[in-house]
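In what follows, a structure is listed as structure tokens, so that the remarks can point back to it.
Values below: all heavy atoms of this structure, side chains included; hydrogens, waters and symmetry mates excluded.
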Amino acid sequence: MSAPAGRRGGRWWRLAPVETRMLLRRRTVALSLLAGPLMMVFFAVVVAPEDPAGWGMLAGIAGLVGMLLSVYATSATVFTLRRESGALARLRTTELSGPGIVAAAGTPLFAVGVLQTLLVLAVFTALGAPPPAQPLLLVVPIVLGAAFCVVAGALTSTFSAGAESVQFTVLPLVIATSVAANLLATGIDGPLRGILLLVPGTPVADLVVTAWTGVPGADVGGLAPVVLGPLLLLAWSAVAVLGAAARWRWTPRG
């Protein structure tokens with residue numbers, strides 16, 4: 001039973017604090033949120049680049065991979081758990097609209113993604129990395145990357161039969177994007193650079209490197225990275241939203 005059409009809408013942001021508390025109460029979910037940042041900090045301590053370019057590449061990879069391992073994987077897990085537990089179906093009986101319910105669940109994950117990435121990059125500076133050459137530009141990939149990871153997680157949850165299967169359904173994107181980001185960090189140019197940037201999420205790493213070092217990568221198709229990167233992230237986010245909307249289910253799989 002769902003709420004009458006006239007009641008649909010509601011103030012979804014009032015549900016966001018509740019979702020945040022539920023997120024933190026689940027130990028496995030809270031640990032998965034911490035896994036990515038802690039792994040990236042540990043990697044930075046072990047590698048400890050000696051020049052600004054090295055720190056820039058490490059920041060780019062860490063920013064992206066950290067969000068994939070925590071925000072993306074956690075988002076897929078949370079949406080799957082909420083569906084399988086029947087919580088999403090129960091929320092459908094309230095005044096909240098469908099998009100409002102999803103937005104309320106995704107907002108804490110988005111906020112965590114932005115904050116944890118900023119903290120990791122701040123730790124890099126404390127470990128000896130030079131400050132970013134273009135700090136304002138750094139905000140763009142972090143915000144768009146966190147948003148992409150949340151909506152991509154929502155889409156991935158629609159392919160997950162249960163919480164146990166999420167660890168397998170997130171692997172294709174995590175592996176493909178991590179490999180592409182590492183290849184981009186080597187300075188690959190030409191057509192291959194354009195192909196790698198088309199892999200969902202990789203512009204995050206490319207833009208972070210540009211913001212950190214102040215040295216932009218090569219143009220692709222006549223477009224500068226600071227233009228192409230955000231466009232690609234917005235495009236993939238839109239694809240994820242449309243895909244999730246087409247496949248979304250409110251009730252557990254039978």
Side-chain angles (χ1 to χ4, degrees), residues 1-26 29-30 32-33 67-68 70-117 139-163 165-166 169-170 173 177 200-201 203-204 230-254:
M1 177 179 177
S2 58
R7 292 175 57 199
R8 287 295 181 190
R11 298 179 178 179
W12 60 265
W13 57 86
R14 290 182 176 177
L15 181 61
V18 178
E19 292 287 346
T20 303
R21 289 193 293 271
M22 293 183 66
L23 193 69
L24 297 177
R25 274 207 297 262
R26 289 184 177 272
V29 172
S32 69
L33 280 173
M67 279 194 279
L68 286 173
S70 56
V71 181
Y72 167 59
T74 304
S75 175
T77 301
V78 167
F79 283 118
T80 302
L81 284 171
R82 302 285 277 151
R83 180 183 296 110
E84 296 305 307
S85 68
L88 291 180
R90 290 193 295 273
L91 286 171
R92 286 291 283 166
T93 66
T94 68
E95 64 179 5
L96 290 173
S97 65
I101 295 170
V102 177
T107 297
L109 293 163
F110 167 78
V112 167
V114 172
L115 291 174
Q116 73 174 22
T117 305
V139 175
V140 176
I142 292 175
V143 170
L144 292 182
F148 165 74
C149 285
V150 172
V151 295
L155 174 58
T156 301
S157 75
T158 67
F159 293 93
S160 305
S165 67
V166 171
T169 53
V170 300
L173 182 61
T177 304
V204 171
L231 288 177
L232 289 174
L233 288 172
L234 289 171
W236 278 117
S237 296
V239 168
V241 169
L242 293 174
R247 292 184 48 85
W248 194 259
R249 294 180 56 149
W250 297 100
T251 56
R253 295 177 181 272

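Side-chain atoms of Phe148 and Met67, non-hydrogen and from C-beta on, never get closer than 4.5 Å to each other. Proximity of Val71 to Val150: side-chain heavy atoms (C-beta onward) are separated by under 4.5 Å at one or more points.
Scanning for side-chain contact (heavy atoms from CB on, under 4.5 Å) contacts around Val102 gives Phe79, Trp248, Trp250, with sequence neighbours left out. For Thr177, there are no side-chain hydrogen bond (donor to acceptor under 3.5 Å, both in side chains) partners, not counting sequence neighbours.
In this structure, SG in Cys149 is found 7.5 Å from CG in Leu173, a value given to the nearest 0.5 Å. Taking CD1 of Ile142 as the reference point, atom OG1 of Thr117 lies at 5.5 Å (rounded to 0.5 Å). For the atom pair OG (Ser157) and CZ (Arg249), the distance works out to 11.5 Å, reported to the nearest 0.5 Å. Of the inter-residue distances, the one linking Ser160 atom OG with Leu155 atom CG reads 9.5 Å to the nearest 0.5 angstrom. Atoms OG1 and CZ, on Thr251 and Arg90 in that order, are 12.5 Å from each other to the nearest 0.5 Å. One distance of note links CG of Leu144 with CG of Leu232; it measures 11.0 Å at 0.5 Å rounding.
Contacts classified as ring pair (Phe, Tyr, Trp, His ring centres under 6.0 Å) and involving residues 81-108 (residues at least two apart or in different chains) are not found. Here side-chain hydrogen bond (donor to acceptor under 3.5 Å, both in side chains) pairs that include residues 235-245, with residues two or more places apart or in two chains, number zero.
Here the shortest heavy-atom pairing between Pro252 and Gly86 reads CG-N, 4.4 Å. The nearest pair of heavy atoms linking Ala161 to Ser165 is N-OG, 3.1 Å.
Under the 3.5 Å distance criterion, with hydrogens and angles disregarded, no donor-acceptor pair is assigned to the side chains of Thr156 and Thr169.
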